[in-house]
Visitor: 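I have a structure here, written as structure tokens, and I will follow up with some questions on it.
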2 protein chains.
Amino acid sequence: MTSAATAKPTLVSLARELGVSRQTVSNALNAPHVVAPETRERVLAAITASGYRPSAVGRALRTRRSMNLAYRLYPAVDGINGAVMDRFLHHLVVQAQRHGYRVTLFDTPSYPAEIDALVEQHQAGLIDACVLTDTHSGDPRPRRLTRAGLPVVAFGRPWGDLESPHAWLDIDGGAGCEEAVAHLRAQGHTRIGFLGWPEGSGAGDDRCSGWARGMAGLDVAGLRVHAEDGVRQGVEATAALLTAGATAVVCVSDSLALGAASRFRSAGRSAADVIGFDDTPVAAALGLSSIAQPVEQAAATLITMTLAVLRGERLSAPHSLLPAHLVLRGHQPLQP
Amino acid sequence: MTSAATAKPTLVSLARELGVSRQTVSNALNAPHVVAPETRERVLAAITASGYRPSAVGRALRTRRSMNLAYRLYPAVDGINGAVMDRFLHHLVVQAQRHGYRVTLFDTPSYPAEIDALVEQHQAGLIDACVLTDTHSGDPRPRRLTRAGLPVVAFGRPWGDLESPHAWLDIDGGAGCEEAVAHLRAQGHTRIGFLGWPEGSGAGDDRCSGWARGMAGLDVAGLRVHAEDGVRQGVEATAALLTAGATAVVCVSDSLALGAASRFRSAGRSAADVIGFDDTPVAAALGLSSIAQPVEQAAATLITMTLAVLRGERLSAPHSLLPAHLVLRGHQPLQP
DNA sequence: CAGCATCATTTGATCGTTCAAAAGGTCTCG
DNA sequence: CGAGACCTTTTGAACGATCAAATGATGCTG
């Protein structure tokens, strides 16, 4: 009541009103154990009464920690498959929040600009670390950013450089495909096709290898087909698989699976023998089985890793692979 | 070279090396016109040479502006329709960036907690304004947040309170539906159905009214049907429309349109006479016509509004409605 | 009772920037 | 030649917090 009751309270203004020092007020919040219980109660009461909120900016300036993580939000691509990253991002935000961190977004028009953008944000004190996605073979970002002093955590393997020293986590898509094949074999299928992307993409090849493992002991001649992602492409590629005698197919994406299911139906076969990847809303809506990525767990683990890296700990498990798993759908026969 | 060349440069360290004052360095960047051209060149050269980046935190502390906008990232809902907001968010980030602003995400478990979370972030100096989405009838957020001193800009009308003083922008879905009906009438259709959500949702009712306007002069008995969102629900509701003699249908969402298209095909009709809403990737992949929301333009305008609000300007146009428009697809006949 | 921990609290300095006002310099004009 | 105007540069003072070290108060011990 001494001065303006309307001005936003600060540590100093609160301290003055209470007749204690600013540091005592600060300690009551950040290091309660060093403050005498009686004082602490009094201070905390005043804090809640006044509605005081510590200035995150003042704190960031002094501690040199912004409590912010950077995340590049890519332009929405084709779309059907993009849904996975949206779910991931949401979980990332929630998990970060649980630990007092926030996620701030950015995007850059060109590819190399991403590294610069991140370094700039870091130098400006805007971010403490970054979460990389869409890693690919020969990706320069982890090493370059780490060298620039920016802590890096990646969602996605450093394809071709698995021993890169940065922390990363990925989904074991191969395991999911293997499970899918096992399921189909249990149903009596022996001619199980794989509809993949053109060779060379890490994730695609990984999923393919899982299918191959699952097919151990069976003849796979003609059962492996590659196509660009897309529903239409799925329709066409599936024709080849049917010709090769396939009675079921595991697809590398839901887009392709959508096409495959369509082709299966028009060939008089059941779409229940088509399995997609990513368990997108579309697959759910159309009653298609699909292999799901455990994105929630991925986000949680990734945040845990991030915190460890920020604490400067040497990670006991700097890498982590979470198995994807098959989601079976009764395949409510949506006519088409 | 005087002291450690390794330490991160600051205004003071740069000024010392150049033999000028810190303010001169600052001005060279922020107010070039007040610095003598010769000095300016020298300072700017040193800045680029040293790789100096102004500390956003120091600046934020002094200017009391964080250059951050808050955006609540909702959990991924059903999914098919969610894609619109993802595209919107991306454009929002890009547009904000163009003006030096960043977007930081948050989410809250419960509904009322959102207001508290925003106010807290504002008091902590973390955000300068917030972008609200998912507005609904009786939404308390705009007024409450504005009263708390947090500038608000909303993507979505303040349904039921169109004169609310806050800045908002929305898509005119009704206009899009009207255009869709006009297109179908031009094709010779007179029995054009509307497949909407249960009455009471602002957006849904708005779209329905657009359909009604478009149908002016025609008998609409039995041509208006409502269902919960979902592919399956779309199939069922469309049966009723066909019974009523509908030869075409405008749907309030792509999920419903997916179901409608399926039902149309199994009735031997063309899915080209089904029109969805939101132009989601699924519609594109399946070759379905759909009414698209101009999210990119929406994001750009919204950021413009935000800047004006932050400058404290009285907006000449505090509200804005952008028409949705019809996207026709040749409807490549994906068999199903 | 001096000496020494121990606990609670305060003080001074600092993080890096910008605002606002002062200071120094050059030029013009009466 | 001195007053005023103008342009450039510098200076002092915040912004709001935390770190690190100093100070004061209390109790215990030999």
Side-chain angles (χ1 to χ4, degrees), chain A residues 3-4 7-44 46-47 50-67 100 120-128, chain B residues 3-4 7-44 46-47 50-67 100 120-128:
Chain A
S3 58
K8 190 197 287 186
T10 70
L11 275 191
V12 183
S13 78
L14 262 179
R16 210 171 13 224
E17 289 186 22
L18 282 165
V20 299
S21 72
R22 45 176 210 287
Q23 188 69 2
T24 298
V25 182
S26 171
N27 285 337
L29 283 173
N30 304 320
H33 56 282
V34 308
V35 177
E38 190 194 351
T39 322
R40 189 199 313 149
E41 295 312 322
R42 204 160 60 89
V43 171
L44 291 179
I47 285 180
S50 69
Y52 166 75
R53 289 280 149 202
S55 157
V57 181
R59 177 178 289 167
L61 180 61
R62 180 65 237 237
T63 61
R64 304 170 148 293
R65 280 184 289 122
S66 65
M67 304 304 278
E120 280 186 26
Q121 290 180 68
H122 185 225
Q123 288 179 342
L126 285 168
I127 57 172
D128 295 341
Chain B
S3 58
K8 189 196 289 186
T10 70
L11 275 190
V12 182
S13 78
L14 263 179
R16 211 171 11 225
E17 289 186 22
L18 283 166
V20 300
S21 72
R22 44 175 211 289
Q23 187 69 8
T24 297
V25 183
S26 172
N27 285 338
L29 283 173
N30 303 322
H33 57 281
V34 308
V35 178
E38 189 193 353
T39 322
R40 189 200 312 148
E41 295 312 320
R42 205 160 59 88
V43 171
L44 290 179
I47 285 180
S50 70
Y52 165 74
R53 287 281 148 201
S55 157
V57 181
R59 177 176 291 169
L61 180 60
R62 180 64 238 238
T63 62
R64 304 171 147 293
R65 280 183 289 122
S66 65
M67 305 304 278
E120 282 186 24
Q121 290 181 69
H122 185 226
Q123 288 179 339
L126 285 168
I127 57 172
D128 296 340

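Naming convention: chains lettered A, B, ... in sequence-line order (proteins, then strands); numbering from 1 in each chain. It should be emphasised that the depicted structure is a prediction, and the values quoted were computed from it without experimental measurement.
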Visitor: Less than 4.0 angstrom between a side-chain N/O of A/T39 and OP1 or OP2 of C/dA8, yes or no?
Guide: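 No, A/T39 has no side-chain N/O under 4.0 Å of OP1/OP2 on C/dA8.
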
Visitor: Please tell me which of B/R64 and B/H33 maps to the more 5' nucleotide of DNA chain D, matching each residue to the nucleotide holding its nearest heavy atom.
Guide: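 That would be B/H33.
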
Visitor: Using a 4.0 Å heavy-atom cut-off, write out nucleotides 17-26 of chain C from 5' to 3' as B (base contacted by protein), S (sugar-phosphate only) or - (no contact).
Guide: BBBB------

Visitor: With sequence neighbours excluded, what pairs up with A/S21 under the side chain to side chain donor-acceptor pair (under 3.5 Å) test?
Guide: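 With neighbours one apart ignored, the set is A/T24.
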
Visitor: In chain order, what residues pass the side-chain contact (heavy atoms from CB on, under 4.5 Å) check against B/S55, with sequence neighbours excluded?
Guide: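 B/S55 satisfies side-chain contact (heavy atoms from CB on, under 4.5 Å) with B/V57 once adjacent residues are dropped.
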
Visitor: Taking only N/O atoms, report every protein-nucleotides 4-6 of chain C pair under 3.5 Å with atom names and distance.
Guide:
none

Visitor: If the condition is salt bridge (Lys or Arg N to Asp or Glu O under 4.0 Å), which residues does A/R53 pass it with, not counting sequence neighbours?
Guide: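 In terms of salt bridge (Lys or Arg N to Asp or Glu O under 4.0 Å), with neighbours along the sequence ignored, A/R53 is linked to B/E120.
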
Visitor: Mind checking salt bridge (Lys or Arg N to Asp or Glu O under 4.0 Å) for B/E41 and listing every partner two or more places apart, or none if nothing turns up?
Guide: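 None.
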
Visitor: Walk along nucleotides 23-28 of chain D from 5' to 3' and tag each nucleotide B, S or - by protein heavy-atom contact under 4.0 Å, base first, then sugar-phosphate.
Guide: ------

Visitor: In degrees, rounded to 10°, what is the bend between the two ends of the helix from C/dC1-D/dG30 to C/dG30-D/dC1, using five pairs at each?
Guide: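 The value is 70°.
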
Visitor: Can you run down the salt bridge (Lys or Arg N to Asp or Glu O under 4.0 Å) pairs that involve residues 18-40 of chain A, sequence neighbours left out, and say none if there aren't any?
Guide: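 Counting only pairs at least two positions apart or across chains, no salt bridge (Lys or Arg N to Asp or Glu O under 4.0 Å) contact touches residues 18-40 of chain A.
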
Visitor: Show me the donor-acceptor pairs within less than 3.5 Å that the side chains of residues 26-36 of chain A make with the rest of the protein, sequence neighbours left out.
Guide:
from	atom 1	to	atom 2	distance (Å)
A/S26	OG	A/N30	ND2	3.4
A/N27	ND2	A/Q23	O	3.3
A/N30	ND2	A/S26	O	3.4

Visitor: What's A/V35 touching, base or sugar-phosphate or nothing? Going by heavy atoms closer than 4.0 Å.
Guide: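 Sugar-phosphate only.
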
Visitor: Who are the side-chain contact (heavy atoms from CB on, under 4.5 Å) partners of A/R65, not counting sequence neighbours?
Guide: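 In terms of side-chain contact (heavy atoms from CB on, under 4.5 Å), with neighbours along the sequence ignored, A/R65 is linked to A/T63, A/M67, A/D128.
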
